[in-house]
Amino acid sequence: MIMSRTEAAPDRARGDLTERLLAGLPPEAVLTDPDITASYANDMASFCPAGAPAVVVLPRTVEEVQHVMRTATELRVPVVPQGARTGLSGGANASDGCIVLSLTKMDRILEINPVDRIAVVEPGVINAALSRAVGEHGLYYPPDPSSWEMCTIGGNIGTASGGLCCVKYGVTAEYVLGLDVVLADGRLMTTGRRTAKGVAGYDMTRLFVGSEGSLGIVVRAVLALRPQPPQQLVLAAEFASAAAACDAVCRIMAGGHVPSLLEIMDRTTVKAVNDLAHMGLPDTTEALLLAAFDTPDPGPDLAAVGALCEAAGATQVVPADDVAESELLLQARRLSLTALEAVRGVTMIDDVCVPRSRLGDLIEGVERIAEKHQLTIGVVAHAGDGNTHPTVCFDAGDADESRRARESFDEIMALGLELGGTITGEHGVGVLKKEWLAREIGPVGIEMQRGIKQVFDPLDILNPGKLF
């Protein structure tokens, strides 16, 4: 009897919560089957704990989101907002007894305005869907995370995500002009603007970008667009050392060039891609550098960058003649993660960003860490902005190897800070990097951030346990 009463209490609480939610939501929007709710428990990060949600809610309107937050506030129930759960830091992981608020059903593009060069979207819009839609108007939405065919704009805003084109066009934060946000108590707040310029008051919009759902629920976004550029042409350069490839990156950026893409793959990644796809890259390739330009006439830019690569010691430089050949050259970069996953079955992807001038030091340091822990760690990087993705390959079924993987991950983050960098350039903090955020910004920084959190979420019900 004691056990049955103990077990009944959570069931009653869950029932009360569900009943309250259903008072303002259609039945199909409230999921309570444990087998289904368990599938919403976590994102794609390794080593991040996740709890069991009490309920999953899939709202379609702003009013439904407001109802969820009012209910959560009244009952003191935590709420974990989610997009497509493609994140890599545990930021979308559920906590025990929480409401998972999945915004994937709020997926409408509300407006595309070619004159003002803006799009107004709901948070569940897929990044690639938006890109294609604005492309029909001759416009371009630049932020392009690697998961752009799956990830949502709301998730991109929550983690301030980036992508391959950031070297020229910048990250998500630079394209979010305004937001509608449902606060913890259910009130609706509008931030920002639709205009090209605007400096009225504190920049509340930027505050929400990268906040990982800890301050409010984004339900609408006004996004800046650009004219659609010409299709880019790509150059591939092979190097006999990572140091030489990183020297080429420094020469390119110091020379004032503005590539639309500048990516580097280390020897471990090149070998993994070769093993997977048989792309014919020479076994002597220690680093592969990919540069692209989307100017009206990219030929002179590619020639100039090719000359800089040769001056830095490139063993081979291959410029593409057309778009189709460019896509073939980029295929190796796009296969990087898949190829590294095939090495040991599981990967843990770091996200350390360092000054461009220290990129070579980071790659060499990762090689030392891999050797120390007897692990395969491949590095791919958005070389143009110093954002590296050291990818630790390990067997999740091997406890000792998993331990070494986590230790190597931490050592890479420590190395990034030592080189004057940051623990995350585009993946966010979530659960995975909480300790490291505290190290990076220090006790005063943490105190100020907690103070901001207290203003917006005094009951600590919005994505609790994330960031700090």
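Between His257 and Leu262 there is no side-chain heavy-atom pair separated by less than 4.5 Å. Within the 4.5 Å cutoff, the side chain of Leu21 has heavy atoms near those of the Val68 side chain. You'll find the side chain of Val100 stays beyond 4.5 Å of the side chain of Thr37, heavy atoms only. Looking at Thr388 and Val366, their side chains never come closer than 4.5 Å, going by heavy atoms from C-beta outward. Using a 4.5 Å heavy-atom cutoff, the side chains of Met348 and Leu432 are in contact. Within the 4.5 Å cutoff, side-chain heavy atoms of Val346 are placed close to those of Ser46. Between Leu103 and Val65, some side-chain heavy-atom pair lies under the 4.5 Å cut-off. A 4.5 Å side-chain heavy-atom check between Arg226 and Pro142 finds at least one atom pair inside the cut-off.
A salt bridge links Arg194 with Glu111: the closest approach of a Lys/Arg side-chain nitrogen to an acidic carboxylate oxygen falls below 4.0 angstrom. For the pair Asp16 and Arg20, the salt-bridge criterion is not met [side-chain N within less than 4.0 Å of a carboxylate O]. Salt-bridge check for Glu327 with Arg334: passed, with a basic side-chain N closer than 4.0 Å to an acidic carboxylate O. Using a 4.0 Å cut-off between a side-chain N of Lys or Arg and a carboxylate O of Asp or Glu, Glu64 and Arg60 do not qualify as a salt bridge.
Residues Val352 and Gly416 come closest through the heavy atom pair CG1-CA, 3.4 Å. Residue Leu359 comes nearest to Ala383 through the heavy atom pair CD2-CB, 3.8 Å, listed as atom of the first residue, atom of the second, then distance. The two residues His137 and Pro114 come nearest to each other via the heavy atoms ND1-CG, 4.0 Å. The shortest heavy-atom contact between Ala45 and Gly90 is CB-N, 3.4 Å. Minimum heavy-atom separation, Ser408 to Leu375: OG-CD1, 3.7 Å. The heavy-atom pair separating Cys250 from Ser357 by the smallest distance is SG-CA, 4.1 Å.
Between the side chain of Asp294 and the backbone N or O of Pro230, no donor-acceptor pair lies under 3.5 Å. The closest donor-acceptor contact from the side chain of Glu263 to the backbone of Arg333 lies at 3.5 Å or more, if one exists at all. Without hydrogens or angle criteria, Ser336 side chain to Ala332 main chain gives a donor-acceptor distance under 3.5 Å. For Arg85 (side chain) and Asn42 (main-chain N/O), a donor-acceptor pair under 3.5 Å exists by modelled atom type. A donor-acceptor contact shorter than 3.5 Å links the side chain of Asp351 to the backbone of Glu426. At distances below 3.5 Å, not a single donor-acceptor pair connects side-chain atoms of Asp350 with backbone N or O atoms of Pro390. A donor-acceptor contact shorter than 3.5 Å links the side chain of Ser39 to the backbone of Ile36. For the pair Asn93 (side chain) and Asp43 (backbone), a donor-acceptor distance under 3.5 Å is present. In terms of modelled atom types and a separation under 3.5 Å, the side chain of Glu174 and the main chain of Val171 share a donor-acceptor contact. With hydrogens and angles ignored, the 3.5 Å screen pairs no side-chain donor or acceptor of Ser102 with any backbone N or O of Leu58.
Note: Ser211 OG to Leu462 CG = 9.0 Å, rounded to the nearest 0.5 Å. Atom CG of Leu101 is separated from atom CE of Met106 by 9.0 Å, given to the nearest 0.5 angstrom. Atom-to-atom distance recorded for Ile446:CD1 and Lys453:NZ is 13.0 Å, nearest 0.5 angstrom. Distance check: Thr269 OG1 to Ile377 CD1 gives 11.0 Å after rounding to the nearest 0.5 Å. For the atom pair Thr347 OG1 and Ile349 CD1, the distance stands at 4.5 Å (nearest 0.5 Å). Gln449 CD to Leu215 CG: the interatomic distance, rounded to the nearest 0.5 Å, is 9.0 Å.
Atom CZ of Arg187 has 12 or fewer neighbouring heavy atoms from other residues, nucleotides or ligands inside a 6.0 Å radius. Residue Glu149 qualifies as enclosed at atom CD: its count of foreign heavy atoms under 6.0 Å is above 12. In the displayed structure, Lys105 atom NZ is contacted under 6.0 Å by at most 12 heavy atoms of other residues, nucleotides or ligands.
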Phe47 vs Phe394, ring-ring contact (aromatic ring centres under 6.0 Å, His included): CA-CA, chis, key distance, verdict = CA-CA 12 Å; Phe47 297 111; Phe394 65 100; 5.5 Å; yes

ask   = How far apart are the C-alpha atoms of Leu223 and Val134, what are their side-chain angles, what is the distance that settles it, and do they pass the side chain to side chain contact (heavy atoms under 4.5 Å, CB included) test?
value = CA-CA 11 Å; Leu223 305 174; Val134 301; over 6 Å; no

key: Criterion side chain to side chain contact (heavy atoms under 4.5 Å, CB included) on Leu207 and Thr191, from CA distance to verdict   = CA-CA 10 Å; Leu207 183 61; Thr191 75; over 6 Å; no

task = Verify salt bridge (charged side-chain N to carboxylate O under 4.0 Å, His left out) between Asp460 and Arg450, making sure each step is shown before the conclusion.
result = CA-CA 10 Å; Asp460 193 25; Arg450 284 177 173 158; over 6 Å; no

May I have the list of side-chain donor-acceptor pairs in residues 121-130 shorter than 3.5 Å, sequence neighbours left out?
{"residue": "Glu122", "atom": "OE1", "partner": "Asp107", "partner atom": "N", "Å": "3.2"}
{"residue": "Glu122", "atom": "OE1", "partner": "Arg108", "partner atom": "N", "Å": "3.0"}
{"residue": "Glu122", "atom": "OE1", "partner": "Arg108", "partner atom": "NE", "Å": "3.3"}
{"residue": "Glu122", "atom": "OE2", "partner": "Arg108", "partner atom": "NE", "Å": "3.2"}
{"residue": "Glu122", "atom": "OE2", "partner": "Arg108", "partner atom": "NH2", "Å": "2.8"}
{"residue": "Asn127", "atom": "ND2", "partner": "Pro143", "partner atom": "O", "Å": "3.1"}
{"residue": "Asn127", "atom": "ND2", "partner": "Asn156", "partner atom": "OD1", "Å": "3.0"}

Contacts table for residues 438-445: side-chain donor-acceptor under 3.5 angstrom, sequence neighbours left out:
{"residue": "Arg439", "atom": "NE", "partner": "Glu435", "partner atom": "OE2", "Å": "3.4"}
{"residue": "Arg439", "atom": "NH2", "partner": "Glu435", "partner atom": "OE2", "Å": "2.4"}
{"residue": "Glu440", "atom": "OE1", "partner": "Thr422", "partner atom": "OG1", "Å": "3.1"}
{"residue": "Glu440", "atom": "OE1", "partner": "Ile423", "partner atom": "N", "Å": "2.9"}
{"residue": "Glu440", "atom": "OE2", "partner": "Thr422", "partner atom": "OG1", "Å": "2.8"}

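In summary, the side chains of Asn463 and Ser214 do not present any donor paired with an acceptor at a separation below 3.5 Å, with no hydrogens or angles considered. Side-chain contact, Thr295 with Asp301: a donor N or O sits under 3.5 Å from an acceptor N or O.
Residues passing the side chain to side chain donor-acceptor pair (under 3.5 Å) test with Glu341, sequence neighbours excluded: none. Legend: residues meeting ring pair (Phe, Tyr, Trp, His ring centres under 6.0 Å) with Tyr169, ordered by chain and number and at least two apart, are Tyr140. Lys466 pairs by the salt bridge (charged side-chain N to carboxylate O under 4.0 Å, His left out) definition with nothing, not counting sequence neighbours.
Within the structure, the ring-ring contact (aromatic ring centres under 6.0 Å, His included) test picks out the following pairs touching residues 414-456 (sequence neighbours left out): Phe208-Phe456, His389-His427.
No option in Pro259, Ser260, Pro229 other than Ser260 meets the side-chain contact (heavy atoms from CB on, under 4.5 Å) test with Lys168.
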